[in-house]
Amino acid sequence: MIAPSILSADFAHLAAEAQAVEGSDWLHVDVMDNHFVPNLTLGLPVVQSLLRATDIPLDCHLMIDDPGRWAPPYAEAGAYNVTFHAEATDDPVAVARDIRAAGAKAGLSVKPNTPIEPYLEILRHFDTLLVMSVEPGFGGQSFIAHVLDKARTVRRLVDSGELRLIVEIDGGINMDTIEQAAEAGVDCFVAGSAVYGTDDPGATVETLRRKAAEIAAAAR
Ligand code: DX5
Ligand code: ZN
């Protein structure tokens with residue numbers, strides 16, 4: 001699955017930018033609060049407008065403090081998947097429960113230097129795991145390869161049937177780095193600058209998807 005990140009799109013033309021990647025599996029929406037990360041993007045009103053503007057399922061990535069308070073409204077609004085950060089709450093299971101009760105899939109995200117082991121036990125309460133392969137906050141950064149160990153660990157648990165979870169990766173994914181990520185068993189690839197930095201974002205999504213599918217098929 002490919003999830004273009006609108007962080008790299010033109011915020012004044014979000015409906016058109018969503019349309020440009022119509023064939024995408026998910027549309028990745030980066031919500032930043034200037035507290036959890038040193039950057040500010042968009043919030044619930046923009047997500048509500050986007051939901052009216054596109055049929056692509058919205059994958060909301062909340063890089064915010066206090067997700068217990070702020071995350072469920074994104075689910076209520078109609079986001080398909082709502083991901084928050086493990087580092088931002090003491091009770092991730094309760095937040096996941098509230099997101100699911102409000103009608104969305106629940107995702108847990110970990111920053112590049114956050115180990116996954118302490119969270120393996122609670123992953124059964126989640127639908128997606130978002131492995132950050134850059135420090136959250138900005139698009140256009142370089143891929144951090146060591147995070148792939150976390151993807152491999154969780155992939156093994158999914159393959160052995162111990163977990164049911166979509167493994168998603170976010171940050172620095174492009175035509176080159178998608179290969180290593182696909183080899184590590186990632187299911188869903190977020191790409192911002194690699195998609196919206198090209199003349200034909202829709203065609204780039206197709207090329208990325210084809211490349212990931214080839215690697216995944218060869219790895220089997
Ligand atoms: C970073 C965001 C990413 C960002 C990725 O904090 O979570 O979703 O848009 O951008 P690229 O693909 O350019 O690294
Ligand atoms: Zn993101």
Side-chain angles (χ1 to χ4, degrees), residues 1-11 14 17-18 20-21 24-43 46-47 50 56-65 67 70-71 74 79-88 99 104-114 126-148 150-151 166-182 186-199 201-202 204-205 207-209 211-212:
M1 292 165 60
I2 306 293
S5 168
I6 55 158
L7 183 62
S8 298
D10 180 349
F11 275 23
L14 284 180
E17 296 282 57
V21 294
S24 303
D25 300 279
W26 292 351
L27 191 64
H28 187 82
V29 181
D30 288 307
V31 175
M32 305 185 191
D33 65 353
N34 206 23
H35 287 268
F36 182 73
V37 287
N39 196 6
L40 186 68
T41 53
L42 52 86
V46 175
V47 167
L50 256 179
I56 310 172
L58 295 195
D59 176 32
C60 292
H61 176 195
L62 308 184
M63 285 159 274
I64 61 170
D65 281 339
W70 302 110
Y74 289 84
Y80 182 77
N81 182 59
V82 178
T83 291
F84 59 93
H85 270 264
E87 303 87 354
I99 290 171
K105 308 261 182 226
L108 187 72
S109 184
V110 283
K111 296 206 258 183
N113 293 326
T114 300
F126 289 84
D127 303 287
T128 60
L129 170 70
L130 182 66
V131 177
M132 288 304 300
S133 39
V134 298
E135 283 303 328
F138 300 91
Q141 304 180 74
S142 303
F143 185 71
I144 300 171
H146 75 73
V147 307
L148 290 177
K150 289 185 264 190
I166 290 174
V167 183
E168 189 177 3
I169 197 152
D170 184 10
I173 290 293
N174 57 37
M175 235 37 114
D176 297 321
T177 55
I178 197 167
E179 294 195 7
Q180 323 161 37
V186 168
D187 301 299
C188 182
F189 307 84
V190 176
S193 48
V195 168
Y196 282 108
T198 55
D199 290 340
T204 306
V205 167
T207 312
L208 284 168
R209 189 191 280 122
K211 196 144 192 186

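Whatever order the structure lists them in is the order used to number ligands and atoms, beginning at 1. Hydrogens, waters and symmetry mates are skipped; everything else that's a heavy atom, side chains included, is used.
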* Among side-chain atoms of Asn81 and Thr83, is any donor-acceptor pair under 3.5 angstrom? -> yes
* Asked: Side chains of Asp30 and Ser5: do they bring a donor and an acceptor to under 3.5 Å?
  -> yes
Which of the numbered atoms in ligand 1 are below 4.0 angstrom from a heavy atom of [X]?
| X | value |
| --- | --- |
| His61 | 7 (O) |
| Met63 | 6 (O), 7 (O) |
| Met132 | 7 (O) |
| Gly171 | 14 (O) |
| Ala191 | 12 (O) |
| His28 | 8 (O) |

* Looking only at heavy atoms, is any part of Ser5 under 4.0 Å from ligand 1, and if so is it the side chain, the backbone, or both, or is it neither? -> side chain
* Going by distance only, is there an N or O of Asp30 that falls short of 3.5 Å from an N or O of ligand 1? -> yes
* Asked: Is there a nitrogen or oxygen of Gly172 sitting under 3.5 Å from a nitrogen or oxygen of ligand 1?
  -> yes
* Please find the N/O/S atom of Asp170 nearest to the Zn ion (ligand 2) and write down its name. => OD2
* Asked: Taking the N/O/S atoms of Asp30 one by one, which is nearest to the Zn ion (ligand 2)?
  -> OD1
* Work out whether the distance between some heavy atom of Ala194 and some atom of ligand 1 is less than 4.0 Å. => no
For the [atom1] atom of [X] and the [atom2] atom of [Y], what is their distance to the nearest 0.5 Å?
| X | Y | atom1 | atom2 | answer |
| --- | --- | --- | --- | --- |
| Thr198 | Met175 | OG1 | CE | 7.5 Å |
| Trp26 | Glu168 | CH2 | CD | 5.0 Å |
| Ile166 | Asp187 | CD1 | CG | 6.5 Å |
| Leu40 | Met63 | CG | CE | 11.5 Å |
| Ile169 | Thr177 | CD1 | OG1 | 8.0 Å |

Protein heavy-atom partner closest to [atom] - residue, atom, separation in Å:
| atom | result |
| --- | --- |
| atom 1 (C) of ligand 1 | Phe138 O, 3.5 Å |
| atom 13 (O) of ligand 1 | Ser193 OG, 2.5 Å |
| atom 12 (O) of ligand 1 | Gly192 N, 2.7 Å |
| atom 10 (O) of ligand 1 | Gly139 CA, 3.5 Å |
| atom 6 (O) of ligand 1 | Gly137 N, 2.7 Å |

* Asked: Is there side-chain contact between Ser24 and Ile2, with heavy atoms separated by less than 4.5 Å?
  -> no
* Side-chain heavy atoms of Phe84 within contact of Ile99, under 4.5 Å -> yes
* Structure fact -> In terms of its nearest heavy atom to atom 5 (C) of ligand 1, the top option of Val134, Asp170, Val29 is Asp170
* Structure fact -> Between Gln141 and Glu135 the two heavy atoms that sit nearest each other are NE2-O, 2.8 Å
* Taking the Zn ion (ligand 2) as the vertex, measure the angle between atom ND1 in His61 and atom NE2 in His28; round to 10°. => 100°
* To do: Decide side chain to side chain contact (heavy atoms under 4.5 Å, CB included) for Asp33 and Trp70; before the verdict, give the C-alpha distance in whole Å, the side-chain angles of both, and the deciding distance to 0.1 Å.
  => CA-CA 11 Å; Asp33 65 353; Trp70 302 110; over 6 Å; no
* Asked: Taking atom CZ of Phe138 as the centre, does the number of heavy atoms from other residues, nucleotides or ligands within less than 6.0 Å exceed 12?
  -> yes
